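Working notes, structure below.
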Amino acid sequence: MDLRYEAYCFADRQFYDLQSSTESTPKDDFSTELPALPPDWATVERNVWRHHHPMGVQLPNQGWKIHVSAGLDNAGRVLKATYDYCVERRISFKYLQTMSIVLARNSKYAPREGSGKLVTIYPLDSAHLEAILTGLAHVLEGEHGAYILSDLRFGKGPLYVRYGGFAEQWLEVDGQQVLAIEGADGTLIPDRRKPVFSLPEWIELPAFLKPHLAERNAGDPARFQYQIKSSLHFSNGGGVYLATRKSDGKEVVLKEARPHAGLDREGEDAVARLDREYEILTKLQGIKGVPEVYDRFTEWEHLFVAMEFMPGRSLGQWLGRHYPLTHKDVSDETITEYKARALAMVDRVESLMAEVHERGVVFGDLHTLNILVDDEDEISLIDFELSSTIDAVRKPTLGAPGFQAPRDRDGFDIDAHPLAALRLWIFLPLNTVLELAPAKIRQHVRVIQQRFGLTDEYCAPIVDVLTPRVDPPTDPAFTEFDEETPDWALVRKEIATAILHSATPHRQDRLFPGDIEQFETGGAGFGYGAAGVLHALAESGEGRFPEHEEWLLDALRKDPPKQPGFYVGAHGIAHVLENFGHHDAATEIVESYAELVPSTQDHGLSAGLSGIGLNLLHFANSREDDSFAAQAEHLAQRLAKQLADAPGPADKAKAGLLHGWSGPALFFLRMFEHTGERRWLKLSEQALERDLAETMIALDGSLQVRDGTLRSLPYVGIGGAGIALVLTEFAQQAPERPCVEKLPELLTGCTGEFVIQPAFTLGRAGLLATLAHATRHRPNERFERAIGQHLKALGWHATRYGGGLAFPGVQLRRLSMDLNTGGAGVLLALASTVDGRAPLPFLGSRTPVLADR
């Protein structure tokens, strides 16, 4: 799971967003308590940071930087002291803008490499570094803060150092733009930001820091009473390890808690929670299915608790292997068998929870990762850090989305809520959607009753307990998707209405709310930004919006993209502007990014050469301009060489439309159609075969992309559907080639009833569009049934917003409007399926499919 998303959930309850003063000054903004800067200082606000820089001071591009840490209780005091010190001495620095941001950056599931940092200071050189550290150490003596894992600690206080970039320099790595520094030879290399202190190999640690490194490494491993065998889990609050006790070789689970880190929304840290877990487990000793606790001790300033290792895998992993609706061709017998097993599982969890309650303990954090299932389907509970006794109940401020009890619950009702959620989740694991749209409880219950034949007696507690007591939903539980014969024109109109309602033209960073990637790649791009949304609205027949096109043009001037790629850079924006008739702007952006194309090495459609090449070929055709065709052919030749030198499949899959060799395969195919030269068709086949080499037979017997040793992916971005989209196009030119025989198997992987996300590139909308695209060329009754099923099931995610319908994005925590992960992608998939429009640029014909549905 990508832990970055948690930090983007604090700012807004509907959309992923930055915690910054974009629209107004928050009440907890630190600037309200700080003195005014002298007139010869410049201030810039960027994302969550506020930068202060004395005019006339020239900083190097990179060097040693100082980080200042603090807790919630002393953040204001530490910032004020550091601020005064730096301003008086004209030292450049930045700080987190608000206390809410400090909480988010130090929360349990915040990224570990950024945790603890309140202030960043930029020394001019090593001598300046020493002077600042020495002076600030005196000023901040006695202050505390979370240990900054990426840095070297200076002394015992809240000061830390690391070597890294000052100025923003970017480098392409595996198709992604990452921050970079200059290496020993002056070339750019990644500025590694990992939760462990390390130095670039050519940088020598300043002499005055060597004693601090020695102090850091001075711990005696022999004193530690446990031998760590492996890590089981990491969060910002600490680690969980499998270990053996040295005294007798007993296998244990060792939990670690870092002080001032892993904060909940009330500011309680990981140490306080782990201390409480020890007390609760002591109270529950002897209950089968609850870990026995052995030891509690402090080492390296961290609290550790040793407890019994409980066998099995999480219930979430169990569901991933056994849930039938993700598979093709599910029989009634399979449904009946799963139903019996799932009901037994729920009974076991409820029985074990009853024993916990008999001891006077409220578990407080029941969810699918805290329930373990062994090979005999026996149940264990783990992670009691949010538990409390019934006579001193603590309402949890942390919890799993879709399972955490609302604040209006008390006592054992705190556990009744996730127990009811479990009853729903084990048959339809979409509970997270209910936090965005509580009214959908009734719709989801109807789905599981109809599909699994569940009784009213089983389902009634789900509705009764999960329906909010405070502000119960007034929205209808059902949408147009639930009608016997949906009005697809109305559905498209409702999706467009929600997208347009979400627009924020007053903001400069983004026009439409979408995935968190828009804050990295920019809010104007095709995959995650305004260009893709405007393309989907126009392509689906929902109209052009000149005011939003003006925003896009303005954004190019104020915040140009960092890279030339199609989905995450300049060429995707140029493509949309060209199609909208903004030819001069489109030409300007293509020409201005031409100098970055030679340094682009990635082959993919998202950020790499194939997306750029396809767009240049599009310009060549639309303008009848051979100069663009020549540029495209040059990129195709570069890709041909890369393909010849490409290594074999890796452990982490990339095969698919956006990041695999299917993107170049599509480019080579279009080059063949443009030139008539068969060498391009041969290269297209070779590229497809390279992606097909990364496929495997999935648990249900379909062909999907292998991701690791067990998981397989059917999706468009990375997965079998992405290969199938291009293979469908290839089959029109060379149906006799052996690779085409794999197409039905890939399409079969797109037919599962249940898909966790509605998105185009990694969810149901993309599977729907892939099947529709294939059946346009080769009708197939089985795939057409799956298309109808996907169309209806999109309603499982559809959420009422702004007078229309919106869809949750990645992780289902917040709504998204973008093309890759949100409503624009769903809209495009519907238009492609129902109206025969192109599913994506460079793909598809306009022959309608299922137009009468």
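The shown structure was predicted, so the numbers you read here are calculated from the model rather than taken from an experiment. Computed over heavy atoms, backbone and side chain alike; hydrogens, waters and symmetry mates excluded.
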Nearest heavy-atom neighbours spanning [X] and [Y]:
{"X": "V826", "Y": "A765", "answer": "CA-CB, 4.0 Å"}
{"X": "S502", "Y": "I499", "answer": "OG-O, 2.7 Å"}
{"X": "P758", "Y": "P808", "answer": "CG-O, 3.4 Å"}
{"X": "L424", "Y": "L434", "answer": "CD2-CD1, 3.6 Å"}

Do [X] and [Y] have side-chain heavy atoms sitting under 4.5 Å apart?
{"X": "Y338", "Y": "L325", "value": "no"}
{"X": "C739", "Y": "L727", "value": "yes"}
{"X": "I723", "Y": "V705", "value": "yes"}
{"X": "D818", "Y": "T821", "value": "yes"}
{"X": "V810", "Y": "L762", "value": "yes"}
{"X": "F667", "Y": "L605", "value": "no"}
{"X": "F754", "Y": "P324", "value": "no"}
{"X": "L658", "Y": "N820", "value": "yes"}

Inter-residue atom distance W425.CH2 - F403.CZ, 0.5 Å rounding | 6.0 Å

Taken to the nearest 0.5 Å, the spacing of L725 CG from T770 OG1 works out to 3.5 Å

Quick check against the 3.5 Å criterion: does [X] have a side-chain atom that pairs as donor or acceptor with the backbone of [Y]?
{"X": "H367", "Y": "L422", "result": "no"}
{"X": "K339", "Y": "F427", "result": "no"}
{"X": "T775", "Y": "A772", "result": "yes"}
{"X": "R800", "Y": "F478", "result": "yes"}
{"X": "S702", "Y": "A698", "result": "no"}
{"X": "Q732", "Y": "T728", "result": "yes"}
{"X": "R837", "Y": "E539", "result": "yes"}
{"X": "S610", "Y": "G604", "result": "yes"}
{"X": "T467", "Y": "D464", "result": "no"}
{"X": "R814", "Y": "D12", "result": "yes"}

Does a donor on one side chain and an acceptor on the other come within less than 3.5 Å for [X] and [Y]?
{"X": "S331", "Y": "T334", "answer": "yes"}
{"X": "S832", "Y": "R776", "answer": "yes"}
{"X": "S662", "Y": "D691", "answer": "yes"}
{"X": "H571", "Y": "N615", "answer": "yes"}

Should R510 and T504 be marked as a side chain to side chain donor-acceptor pair (under 3.5 Å) after you check the CA-CA gap, both sets of side-chain angles, and the distance that decides it?
-> CA-CA 7 Å; R510 59 108 159 122; T504 54; 2.9 Å; yes

Please identify each residue that fulfils side-chain hydrogen bond (donor to acceptor under 3.5 Å, both in side chains) with [X], with sequence neighbours left out.
{"X": "R764", "answer": "H790"}
{"X": "R711", "answer": "D707"}
{"X": "S712", "answer": "Q704"}

Does the pair [X]/[Y] count as a salt bridge with the N-to-O cut at 4.0 Å?
{"X": "E781", "Y": "R785", "value": "yes"}
{"X": "D329", "Y": "R782", "value": "yes"}
{"X": "E6", "Y": "R813", "value": "yes"}
{"X": "E753", "Y": "R451", "value": "yes"}
{"X": "R4", "Y": "E517", "value": "yes"}
{"X": "D482", "Y": "K792", "value": "no"}
{"X": "R492", "Y": "D487", "value": "no"}

Taking atom [atom1] of [X] as the centre, does the number of heavy atoms from other residues, nucleotides or ligands within less than 6.0 Å exceed 12?
{"X": "R321", "atom1": "CZ", "value": "no"}
{"X": "K742", "atom1": "NZ", "value": "no"}
{"X": "R544", "atom1": "CZ", "value": "yes"}
{"X": "E547", "atom1": "CD", "value": "yes"}
{"X": "R778", "atom1": "CZ", "value": "no"}

Residues Y8, F15; criterion ring pair (Phe, Tyr, Trp, His ring centres under 6.0 Å); working and verdict | CA-CA 8 Å; Y8 291 87; F15 302 109; over 10 Å; no

So H444 and N431, side chain to side chain donor-acceptor pair (under 3.5 Å) or not? Walk me through it.
-> CA-CA 9 Å; H444 286 189; N431 292 32; over 6 Å; no

Evaluate the ring pair (Phe, Tyr, Trp, His ring centres under 6.0 Å) criterion for residues H575 and F842: first the C-alpha distance (whole Å), next the side-chain angles of each, then the deciding distance (0.1 Å), finally the verdict.
-> CA-CA 11 Å; H575 181 87; F842 320 121; 5.2 Å; yes

Hey, can you tell me if H773 and H777 have their rings parallel, tilted or perpendicular (30° and 60° cut-offs)?
-> perpendicular

Step through it carefully: locate the ring centre of F481, locate the ring centre of W488, and say whether they are under 6.0 Å apart.
-> yes

When Y16 is tested against each of F512, Y5, F10 for ring pair (Phe, Tyr, Trp, His ring centres under 6.0 Å), which residue passes?
-> Y5

